[in-house]
Amino acid sequence: MVLGKQGAGKGTQADRLARHYGIPHISTGDMFRASVKEDTEAGRKAKSYMEHGELVPDDVVIDVVAERLGGHDVGEEGFVLDGFPRNVAQAEALEEMLGEDGVDLALELQVPTDVVLARLEGRRVCTGCGKNYSVENPPSEDWTCDRCGSKVVPRHDDTEVAIKRRLSLYEKQTEPLVAWYMAKDRLAAVDGMGSPDTVTARLLRAVESRLAEPAKPARGRR
Ligand code: AMP
């Protein structure tokens with residue numbers, strides 16, 4: 001599971017980890033954005049919270065994740081969670097869903113706040129598949145996604161007010177998870193500065209060194 005402030009590179013890096021290991025990338029933010037687009041019940045419940053940078057209520061998020069973890073592509077090899085859990089109540093619910101061992105590893109991507117603020121301003125996202133781009137790293141052709149051909153635009157919730165609110169919620173609600181996973185000896189803090197390739201290499205080293213630990217057999221959930 002990948003933890004980190006908005007703009008730390010969670011989405012990009014979780015996607016790369018999932019592709020590397022050939023396992024699902026489960027992003028609650030991507031799932032909610034898709035639900036809003038499709039106007040499903042979960043999407044209708046989540047929409048205004050998302051637009052204002054607020055957290056969607058735990059019961060809604062937990063139901064969505066529980067359903068996703070029951071998906072046919074979720075197996076023994078595990079999955080990469082991105083954007084969930086966001087607070088201790090969600091982390092506890094996740095432990096219940098996964099059984100006594102819980103998640104194998106929480107990867108904390110560390111990036112200073114002034115850097116994430118600059119990144120969020122330039123962030124762009126594909127309206128089709130959710131792939132992340134930025135003004136520094138645009139798609140190769142006219143804001144059209146390299147992967148699926150859909151339009152690439154700024155995120156609706158990347159307004160100044162919503163960004164501030166999300167960062168403050170991260171500090172209050174999500175940062176306590178760092179200590180929570182550390183106490184369970186499941187935390188790896190990884191420097192999120194540098195090129196995407198450099199950060200991916202650091203994350204892979206952290207995952208591989210955890211999988212190599214004899215005391216904690218590699219069950220594959222990451
Ligand atoms: P993200 O793409 O992870 O930044 O998520 C976008 C928005 O979706 C957040 O600002 C929240 O409104 C909502 N969201 C995503 N994941 C969660 C979660 N685990 N708990 C509550 N709200 C969430």
Side-chain angles (χ1 to χ4, degrees), residues 1-11 13-14 17-18 23-36 40-71 74 78-111 113 116 120 130 155-157 161-190 192 210 216 219-222:
M1 175 236 309
V2 186
L3 284 173
K5 292 183 193 104
Q6 287 66 32
K10 275 191 318 284
Q13 295 297 337
L17 287 180
I23 56 179
H25 168 200
I26 300 181
S27 155
T28 43
D30 285 352
M31 285 159 67
F32 282 129
R33 276 183 288 279
S35 310
V36 169
T40 66
E41 198 189 329
R44 283 191 292 278
K45 285 184 188 157
K47 193 168 187 243
S48 73
Y49 294 100
M50 294 175 75
E51 277 170 357
H52 294 100
E54 298 292 338
L55 291 183
V56 175
D58 288 344
D59 56 338
V60 178
V61 187
I62 290 164
D63 278 356
V64 163
V65 172
E67 196 185 327
R68 180 66 187 88
L69 293 185
V74 176
F79 44 85
V80 181
L81 273 176
D82 160 13
F84 181 90
R86 280 282 227 276
N87 57 31
V88 171
Q90 293 182 9
E92 282 168 350
L94 181 63
E95 299 278 284
E96 254 180 55
M97 287 179 223
L98 297 179
E100 59 185 51
D101 289 337
V103 292
D104 283 338
L105 188 59
L107 292 156
E108 185 205 3
L109 262 185
Q110 295 182 322
V111 178
T113 301
V116 301
L120 289 169
R155 265 175 55 164
H156 289 311
D157 57 350
V161 176
I163 287 172
K164 282 208 178 115
R165 180 66 187 145
R166 274 145 69 212
L167 285 172
S168 130
L169 279 174
Y170 182 82
E171 210 174 281
K172 286 199 204 105
Q173 302 232 19
T174 312
E175 223 154 53
L177 287 179
V178 170
W180 198 83
Y181 282 111
M182 199 185 283
K184 292 177 180 284
D185 193 24
R186 305 237 179 96
L187 187 85
V190 174
R210 170 53 52 121
K216 295 190 177 64
R219 293 188 352 269
R221 262 190 232 116
R222 286 156 200 129

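Just so it is clear, the structure is predicted and the values come from calculations on it, not from any experiment. Below, each value reflects all heavy atoms present in this structure, side chains not excepted, and no hydrogens, waters or symmetry copies.
Residues satisfying the side chain to side chain donor-acceptor pair (under 3.5 Å) test with Arg155, not counting sequence neighbours, are Asp157. Under the salt bridge (Lys or Arg N to Asp or Glu O under 4.0 Å) criterion, Glu54 pairs with Arg165, sequence neighbours left out. Remark: Ala188 engages Leu105, Leu107, Ala206 in a side chain to side chain contact (heavy atoms under 4.5 Å, CB included) (not counting sequence neighbours). In this structure, Lys47 has no side chain to side chain donor-acceptor pair (under 3.5 Å) partners at least two apart in sequence or on a different chain. The side chain to side chain donor-acceptor pair (under 3.5 Å) check on Gln13 picks up Thr200, with sequence neighbours excluded.
Within the model, atoms CE of Met182 and CD of Glu108 stand 7.0 Å from one another, a figure rounded to the nearest 0.5 Å. Note that the CZ atom of Phe79 and the CD1 atom of Ile26 stand 5.5 Å from one another [nearest 0.5 Å]. Between the OG atom of Ser168 and the CZ atom of Arg166 there is a distance of 12.0 Å, given to the nearest 0.5 Å. Annotation: the span from Asp58 atom CG to Glu92 atom CD amounts to 10.5 Å, rounded to 0.5 Å. Taken from CZ in Phe84 to CD in Gln90, the straight-line distance is 5.0 Å, to the nearest 0.5 Å. For the atom pair CG (Leu55) and OH (Tyr49), the distance works out to 10.5 Å, reported to the nearest 0.5 Å.
Counting only heavy atoms from C-beta outward, the side chains of His52 and Val161 never approach each other to under 4.5 Å. Contact annotation: the side chain of Trp180 never approaches that of Leu187 to less than 4.5 Å [non-hydrogen atoms, C-beta and beyond]. Using a 4.5 Å cut-off on side-chain heavy atoms (C-beta onward), Gln6 and Val116 make no contact. Two residues are said to be in side-chain contact when any heavy atoms from C-beta on lie closer than 4.5 Å; Val103 and Leu98 meet this criterion. Side-chain contact between Arg186 and Met1 is absent, with no heavy atoms from C-beta onward closer than 4.5 Å. Under the 4.5 Å side-chain criterion, counting only non-hydrogen atoms from C-beta, Thr28 is in contact with Val65. Taking the side chain as every heavy atom from C-beta outward, Leu177 and Val88 approach each other to under 4.5 Å. Contact check for Gln110 versus Val190: no side-chain heavy atoms found under the 4.5 Å cut-off.
Listed for the Lys5 side chain is a donor-acceptor partner under 3.5 Å among the backbone atoms of Val111. A donor-acceptor contact shorter than 3.5 Å is absent between the side chain of Ser35 and the backbone of Thr40.
For the residue pair Val64 and Ala42, the shortest heavy atom distance occurs at CG2-CB, 4.0 Å.
The salt bridge (charged side-chain N to carboxylate O under 4.0 Å, His left out) contacts involving residues 60-69 comprise Arg68-Asp73, where partners must be two or more places apart or lie in separate chains.
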